[in-house]
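This is the structure I have questions about; it appears just below.
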Amino acid sequence: MQHKSVFLLREGRASLKSLEASSSQNFAETLPTEVSVKIFGELDAESLCRASRTCKLWHSIIDQSEHLWRQQCLLVRAICQREVDSDRSDGLSWKVSLLLPWTLTKHTKNPEKP
């Protein structure tokens, strides 16, 4: 069996690790946070929400990255600029500005029974 290794750069230090040792870990445990954010940045808003429910680490990275939510919110802003601008001027985060209309719509369509 051929032994494969991977070269990793983490927190400014380079290290050589076996692929076998790192294959059981998720990428967010192995890669720097900035790289994980770039990977998560390829997801749409719905997929981002789903990914944040995968594990505590993914949730933490996604939840704390204003960049991810800003990127998604600016896509929506093209459609509902007034609402997004109003939310942002009220001090709401990019994440809340993006998810608030979706949450309100969901509750309006499916009101909880008393």
Side-chain angles (χ1 to χ4, degrees):
M1 183 171 120
Q2 188 180 21
H3 184 71
K4 295 183 181 179
S5 297
V6 64
F7 186 74
L8 298 173
L9 182 62
R10 186 171 203 191
E11 297 172 4
R13 295 186 315 238
S15 66
L16 191 62
K17 285 192 173 184
S18 163
L19 277 180
E20 294 171 12
S22 64
S23 65
S24 63
Q25 300 174 349
N26 74 52
F27 70 87
E29 292 174 335
T30 307
L31 299 174
T33 302
E34 299 81 23
V35 176
S36 296
V37 168
K38 285 188 182 276
I39 293 169
F40 289 130
E42 296 298 317
L43 301 176
D44 61 21
E46 185 177 352
S47 299
L48 206 53
C49 290
R50 286 184 180 148
S52 75
R53 294 190 304 258
T54 301
C55 68
K56 289 180 182 180
L57 179 59
W58 286 22
H59 176 79
S60 175
I61 292 169
I62 293 168
D63 194 53
Q64 294 175 10
S65 176
E66 280 290 300
H67 170 76
L68 290 173
W69 296 108
R70 179 181 185 274
Q71 181 179 322
Q72 294 296 322
C73 202
L74 290 177
L75 293 172
V76 173
R77 185 178 178 267
I79 299 167
C80 49
Q81 181 177 355
R82 190 175 8 180
E83 291 85 351
V84 171
D85 290 347
S86 174
D87 289 346
R88 294 294 296 150
S89 67
D90 289 344
L92 298 178
S93 70
W94 287 107
K95 179 182 177 183
V96 172
S97 295
L98 177 68
L99 298 179
L100 185 62
W102 178 81
T103 305
L104 293 174
T105 303
K106 185 176 177 181
H107 287 297
T108 305
K109 288 181 181 177
N110 301 319
E112 293 184 26
K113 303 200 185 224

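Here, residue 1 is the first one in the sequence, and each next residue gets the next number.
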Query raised in the report: What residues form a side-chain contact (heavy atoms from CB on, under 4.5 Å) with S60, not counting sequence neighbours?
Result: Q64
Report task. Work out which heavy atom in S97 is nearest to a heavy atom in R88; give both atom names and the distance. Result ->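 Of all heavy-atom pairs spanning S97 and R88, the closest is OG-CD, 3.6 Å.
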Query raised in the report: Between S89 and D85, is there a donor-acceptor pair closer than 3.5 Å when you use the side chain of the first and the backbone of the second?
Result: yes
Report task. State, yes or no, whether a side-chain contact exists between L48 and W69 at a heavy-atom distance under 4.5 Å. Result -> yes
Requested in this report: Quick one: pull up CG in L68 and NZ in K38 and give me the separation to the nearest 0.5 Å.
Outcome: 11.0 Å
**Report entry** Qualifying residues under side chain to side chain donor-acceptor pair (under 3.5 Å), relative to S47, sequence neighbours excluded
**Finding:**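 S47 satisfies side chain to side chain donor-acceptor pair (under 3.5 Å) with D44 only.
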Requested in this report: Nearest 0.5 Å please: distance from the SG atom of C49 over to the CG atom of D63.
Outcome: 10.0 Å
Query raised in the report: Do L74 and W94 have side-chain heavy atoms sitting under 4.5 Å apart?
Result: yes
**Report entry** Pairs flagged by salt bridge (charged side-chain N to carboxylate O under 4.0 Å, His left out) wherever residues 66-76 is involved - sequence neighbours left out
**Finding:** none
Report task. May I ask you to decide if the ring planes of W58 and F40 are parallel, tilted or perpendicular, using 30° and 60° as cut-offs? Result ->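 W58 and F40: perpendicular rings.
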Query raised in the report: Hey, what do you get for CD1 (I61) to CD1 (I39), rounding to the nearest 0.5 Å?
Result: 9.5 Å
Requested in this report: May I ask you to decide if L43's main-chain N or O and Q72's side chain share a donor-acceptor pair within less than 3.5 Å?
Outcome: yes
Requested in this report: Would you mind checking if E46 and R50 are paired as a salt bridge, meaning a charged N to carboxylate O distance below 4.0 Å?
Outcome: yes
Requested in this report: Please confirm whether the backbone N or O of A28 pairs with a side-chain atom of N26, one donor and one acceptor, at under 3.5 Å?
Outcome: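 Yes, the answer is positive, given that a donor and an acceptor are paired below the 3.5 Å cut-off.
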